[in-house]
Amino acid sequence: MKIAVPFADGEIYQHFGHTENFKLYEIEAGRIASSEILNTNGSGHEALADFLSGLSVNVLLCGGIGAGAQAALAAAGIELCSGAQGDADAAVNAYLSGELESAGVNCDHHHEHDEEEGCAGHCGGGCGGCHGGCHSMPEIEGPNVGKLCRTHYRGTLNDGTVFDSSYERGEPLEFICGMGMMIRGYDEAVANMEVGQSIDIHLTPDQAYGYSDPRAIFTLEIAQLPGSEELNVGESVVLYTSTGQPMPVRVSARDDSTITFDANHEMADKELNFHIELIEVQQ
């Protein structure tokens, strides 16, 4: 068996779509037999599933990952275990001993994932959030990076429609700035804010939930998916891959015999606006 891990400085690199290196482990008799570090040669997230498939990888351990990347891995027959962090060797050993549990898609929300999806969306634009080659984006910089931040926010579309608001919930959003828990544009803004400051920002898709990945749209025979005959266009459901990984999807089309699902984030391709108020930064 072969296990791959996005790798940097001995640890699991937390943004699947950004990674420049994988550590590849050869597993024999349930133990690590050997390992090597391989460069992705500039491959973006859309090509990483093919890159891993070409190495005959069976399992991917990673941190953040979005629905589009998960769909591509599933199509390549690669088992996914997300939400892993820390020392790469220790994580692989934990997986082999059955102690590592996948967080599923956990990179496709502009605030803390409801643990799905996971990107931030993205990993900052990255991961479900990583549509659009985010592997080339520089690391986020600013005095608040790496610190626990509490913000209030209101998110609107260009026509003024409010799609989310912490004010309405009456509870600020908490996240660690710059760690990929937010879409990139939000993270970048908060990284340089001062406590008590309020700003308004406009984000293009590459700064938000990214662009739609056509590989995340797939069609199945209704007869092969019990219960799908009751689904209607626009409904959201959770499917499971052959390896048992959850995959949130929306029904985008159907006819008498087939049904088409879209695993892209519902905010993919959209320009977004945020009013952000920084409430607190814990040093």
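Numbers here are sequence positions counted from 1.
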Donor-acceptor side-chain pairing of [X] and [Y] below 3.5 angstrom:
X	Y	value
N192	N144	no
Y95	E79	yes
D255	T258	yes

So how far is it from [X] [atom1] to [Y] [atom2], rounded to the nearest 0.5 Å?
X	Y	atom1	atom2	value
M193	I279	CE	CD1	8.5 Å
F22	C62	CZ	SG	8.5 Å
I27	L24	CD1	CG	9.0 Å
N39	N21	CG	CG	5.0 Å
S165	H275	OG	NE2	9.5 Å

**Study point:** Any residue meeting salt bridge (charged side-chain N to carboxylate O under 4.0 Å, His left out) with R250, in chain and number order, not counting sequence neighbours
**Key:**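 By the salt bridge (charged side-chain N to carboxylate O under 4.0 Å, His left out) rule, R250 matches D262.
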Taking everything shown except [X] itself, do over 12 heavy atoms lie less than 6.0 Å from its [atom1]?
X	atom1	value
E194	CD	no
E235	CD	yes
D159	CG	yes
K2	NZ	yes

Study note, to complete from the structure: Those residues at least two apart in sequence (or on a different chain) that pass ring pair (Phe, Tyr, Trp, His ring centres under 6.0 Å) with Y25 are none
Looking at side-chain heavy atoms only, is the closest gap between [X] and [Y] below 4.5 Å?
X	Y	value
V190	F175	yes
V251	N232	no
P172	T151	no
S166	E171	no
L173	H152	no

Work out which heavy atom in [X] is nearest to a heavy atom in [Y]; give both atom names and the distance.
X	Y	result
L272	A208	CD1-CB, 3.9 Å
I140	E188	CG1-CG, 3.9 Å
N264	D213	OD1-N, 2.8 Å
I32	D89	CD1-O, 4.3 Å

Exercise for review: Begin from the C-alpha positions of R154 and D200 and carry the test salt bridge (charged side-chain N to carboxylate O under 4.0 Å, His left out) through to its verdict.
Suggested key: CA-CA 9 Å; R154 180 178 297 105; D200 294 292; over 6 Å; no
Revision key, fill the gap. Connected to F7, directly or through other members, by ILVMFWY side-chain contacts below 4.5 Å are I37
Check your understanding: After noting the C-alpha distance and the side-chain angles of D164 and Y153, does the key distance pass the side-chain hydrogen bond (donor to acceptor under 3.5 Å, both in side chains) rule?
Key -> CA-CA 8 Å; D164 199 3; Y153 68 91; 3.0 Å; yes
Point to revise | Evaluation steps, side-chain hydrogen bond (donor to acceptor under 3.5 Å, both in side chains), between Y167 and E277 | key: CA-CA 10 Å; Y167 292 103; E277 177 184 0; 2.8 Å; yes
Review point. Parallel, tilted or perpendicular: which fits the ring planes of F261 and F218, with parallel below 30° and perpendicular above 60°?
Key: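 Ring orientation of F261 relative to F218: tilted.
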